[in-house]
2 protein chains.
Amino acid sequence: MRYTILIMLKVIPYTEQQIKIARYAKAMAHPARVYILKYLENCCGCFAGNIVDELPMAQSTVSQHLKELKEAGLIQGTIEPPKVKYCINKDNWEEAKALFKDYF
Amino acid sequence: MRYTILIMLKVIPYTEQQIKIARYAKAMAHPARVYILKYLENCCGCFAGNIVDELPMAQSTVSQHLKELKEAGLIQGTIEPPKVKYCINKDNWEEAKALFKDYF
DNA sequence: TAATTTAATCGTATATTTGCGATATACTAT
DNA sequence: ATAGTATATCGCAAATATACGATTAAATTA
């Protein structure tokens, strides 16, 4: 007796662009982070403390949001003891902009 | 004796736009959903089953992602028994596009 | 009427996110 | 040295997200 085995393969279909868009979108998926990014665009080189003052949440929570934006590559921090100055990461910000523009 | 009471109020600072951007970004924060939106842009009026076939995940999981996109307002489904035809929600898609364009 | 098809929903498990207070760290000023 | 300042990190709780298989619902076909 003969058997025919049919194997259906589903390959992960996402393009690099789609994965990046999802990652950037995730970074922007909270109003506080949307706010921070806009704030830093106008006020590049401000300190973490300034952002904490703007937002209705605890210092530790803001720090966490900053960390997420940093890990997503959208911002970067430079230490100016005892403060930390934050800026938009221009390269990645431009990349995100381009990705979303192409996508929409 | 007299007391002066200083009350510091932090008002939720987010604009409507920022809240909407966060909501749309959240909807796009998973590669499968980024994929689905793009797929529906090219193939408006395709069925849920077609999307399931494209994606490396269970039918129930795809259904959940579709639900999220629907709840975010980015897609809409019309029943054509026993199938469901999905489409981009043009109004909201255009709104999202405009919001992100302004934002970046 | 019974079986099939298509998609949504339910129940569940696990992982991630969000938020907070407390604590740690790393400098500065007294 | 001690106290103060600015920020990050830890530990925890609650909420939300992700994924799956099983079941349900609604219409169609046999």
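Labels below follow one simple rule: chain letters A, B, ... track the order of the sequence lines, proteins then strands, and each chain is numbered from 1.
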What is the distance, rounded to the nearest whole Å, between atom [atom1] of [X] and atom [atom2] of [N]?
X     : N      : atom1 : atom2 : answer
A:E71 : C:dT16 : CD    : C1'   : 13 Å
B:I36 : D:dT18 : CD1   : C1'   : 13 Å
B:N50 : C:dT5  : CG    : C1'   : 14 Å
B:M28 : D:dA17 : CE    : P     : 16 Å
B:H30 : D:dT18 : NE2   : C1'   : 7 Å
B:M57 : D:dA17 : CE    : P     : 15 Å
A:L55 : C:dT18 : CG    : P     : 14 Å
A:Q64 : D:dA15 : CD    : C1'   : 14 Å

* Asked: Going through the distances and angles, do A:E68 and A:K26 end up as a salt bridge (Lys or Arg N to Asp or Glu O under 4.0 Å)?
  -> CA-CA 10 Å; A:E68 278 181 70; A:K26 196 170 190 176; over 6 Å; no

* Between B:Y103 and B:Q17, is any side-chain donor less than 3.5 angstrom from a side-chain acceptor? -> no

* For B:Y35 and B:E54, does a side-chain donor sit closer than 3.5 Å to a side-chain acceptor? -> yes

* Run the ring pair (Phe, Tyr, Trp, His ring centres under 6.0 Å) check on A:F104 and B:F100 step by step: do they pass? -> CA-CA 9 Å; A:F104 278 117; B:F100 276 89; 5.5 Å; yes

Would you say [N] has OP1 or OP2 under 4.0 Å from some side-chain N or O of [X]?
X     : N      : result
A:K26 : C:dT17 : yes
A:Y86 : D:dA6  : no
A:H65 : C:dT17 : no
A:T61 : C:dC20 : yes

* Does the distance from a Lys or Arg side-chain N to an Asp or Glu carboxylate O, for A:K97 and A:E94, drop under 4.0 Å? -> yes

* Asked: With a non-hydrogen cut-off below 4.0 angstrom, is A:E68 in contact with a base, only sugar-phosphate, or nothing?
  -> sugar-phosphate

* State which of C:dC27, C:dA7, D:dT9 makes the closest approach to the side chain of B:V84. => C:dA7

* **Side chain of A:S60 - closest among C:dG21, C:dC27, C:dT5** => C:dG21

